[in-house]
Amino acid sequence: MTTEHQANRGIVKHSERHEGPQKHIIVFIFSIILTAIAFAAVMAGGVNAAFTVLLLLVMAILQVLVQMGYWMHLKDRGHLIPIIFMIGGFFVAGTAIVTALYWVWW
Amino acid sequence: MSATHTEGALPHEPEKATLEGRNKVLGFWLFLGGEAVLFGTLFATFLALRNQTNEGPTASELFQLPMTAITTLILLVSSLTSVFAVQAMHRHKVGALRGWLAITVLLGLAFLCLEIYEFAEYVHAEKFGMTTSAFSSAFYTLVGFHGAHVAFGVVWISILIGQLFKKGLTVVTAPKIYVSAIYWHFIDVVWVFIFTVVYLLGKVG
């Protein structure tokens, strides 16, 4: 049973290596939907501005996370160091934005 | 059929076959971390200055969302075609790989044309030049830097298509293609933040 199970896992891994386009098309459609929600929220107008801003930021961050995970392969094995590089980069970028907005300007 | 590869045949993921190739990819990620910092500082400048219009046009007067939606769609599709290029590379289909890269380049060029048209419209019709206001300087610097990255990517990927014709798909050319695909996705990721923070937030006010 155990060896059979392991053998099955081996087969699954092998088929994963020649992955089809389905996964990436799903990411593409997901990105389109998130983008459409963001544009629709702004074009419709009339909604609470603070809520719209929050919605826009959530849509953008979700889309970026999915694209970086699947299209840039960050969710695949062996990507710990690239993830650390990107978190470091985004941390400094975020610090620059927060600093410019709350400490320097006001 | 990676288990049955014969001696000298190209492995399934040729970009990871050599230490040099793996180091190239790793080093490129360090560069992208630095790029994130670069764009972060430009976003910080833009966010701090976006309401300083100096009696020039404001963001909500200027931006046309249908235009932004079209450029967004073009860049998103080009990111998908770049994924397909890497998948074709993993299947060792060099013709399909070149085709997907060529489509990616063409979409990048279409994006650039629309952006140049947009900027020209702002400068001539709206009197919104680089020195009009702090908002205009921050806008052109941030969006222009992104456009310059697209232009660089278009040239880079075009050269890689040429190399594929000359040298074919090898463990030397494969990491270059993989890295250029990562770069192209990163440009798309930056654009997600630009259409959100610059265009959509500009319309919200």
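Naming: A, B, ... by sequence-line order, numbering from 1 per chain.
The one candidate from B:Phe145, B:Phe111, B:Phe39 that meets the ring pair (Phe, Tyr, Trp, His ring centres under 6.0 Å) condition with B:Trp191 is B:Phe111.
Of the residues considered (A:Val92, A:Val53, A:Leu56), A:Leu56 shows the highest number of contacts with chain B, using heavy-atom pairs under 4.5 Å. By number of non-hydrogen pairs under 4.5 angstrom with chain B, the leading residue of A:Leu57, A:Thr52, A:Ile84, A:Ile97 is A:Ile97. Your options are B:Leu76, B:Ile182, B:Leu65, and the one with the most heavy-atom pairs under 4.5 Å with chain A is B:Leu76. Annotation: maximal heavy-atom pairing with chain B below 4.5 Å, among A:Ile81, A:Ile87, A:Val27, A:Thr35, occurs at A:Thr35. Note on B:Leu80, B:Val189, B:Val86, B:Val197: by heavy-atom pairs under 4.5 Å with chain A, the leading option is B:Leu80. Looking only at heavy-atom pairs under 4.5 Å with chain B, the residue among A:Gly94, A:Pro82, A:Gly88, A:Ala49 that has the most is A:Pro82. Of the residues considered (B:Ser82, B:Ser79, B:Ala181), B:Ser79 shows the highest number of contacts with chain A, using heavy-atom pairs under 4.5 Å. Ranked by heavy-atom pairs under 4.5 Å with chain A, the first of B:Phe193, B:Trp184, B:Phe43, B:Tyr199 is B:Phe193. Between chain A and the options B:Leu38, B:Thr45, B:Thr68, the largest number of non-hydrogen pairs under 4.5 Å is found for B:Thr68.
Of the atoms belonging to A:Ser31, heavy atoms from both backbone and side chain fall under 4.5 Å from chain B. Proximity to chain A involves both the backbone and the side chain of B:Val37, based on heavy atoms less than 4.5 angstrom apart. At a 4.5 Å heavy-atom cutoff, the contact between A:Ile32 and chain B is made by backbone and side-chain atoms alike. Of the atoms belonging to B:Val25, not a single heavy atom falls under 4.5 Å from chain A. B:Phe28 does not touch chain A: none of its heavy atoms, backbone or side chain, sits under 4.5 Å away. Only the side chain of A:Leu74 comes within contact range of chain B, judged by heavy atoms closer than 4.5 Å. For B:Leu73, the part lying under 4.5 angstrom from a heavy atom of chain A is the side chain only.
B:Phe139 and B:Phe119 have their aromatic ring centers within a separation under 6.0 angstrom. Taking the six-membered ring for Trp and the full ring otherwise, the centers of B:Phe186 and B:His149 sit at least 6.0 Å from each other. Taking the centre of each ring, A:Tyr70 and B:His185 stay at or above the 6.0 Å mark.
Counted within 6.0 Å of NZ on A:Lys75, heavy atoms from surrounding residues, nucleotides or ligands total more than 12; the atom is thus considered enclosed.
Between B:Thr41 and A:Ala96 the shortest heavy-atom distance is CG2-CB, 4.2 Å. Scanning both residues, B:Gly129 and B:Ser136, for their nearest heavy atoms gives O-OG, 2.7 Å.
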Take A:His79 and A:Phe85, measure what ring-ring contact (aromatic ring centres under 6.0 Å, His included) needs, and give me the verdict at the end. CA-CA 10 Å; A:His79 279 77; A:Phe85 285 167; over 10 Å; no
Please lay out, stage by stage, how A:His73 and B:Tyr178 fare under the test ring-ring contact (aromatic ring centres under 6.0 Å, His included). CA-CA 11 Å; A:His73 307 282; B:Tyr178 184 83; 5.6 Å; yes
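Between the side chains of B:Thr104 and B:Ser78, not a single donor N or O lies within less than 3.5 Å of an accepting N or O.
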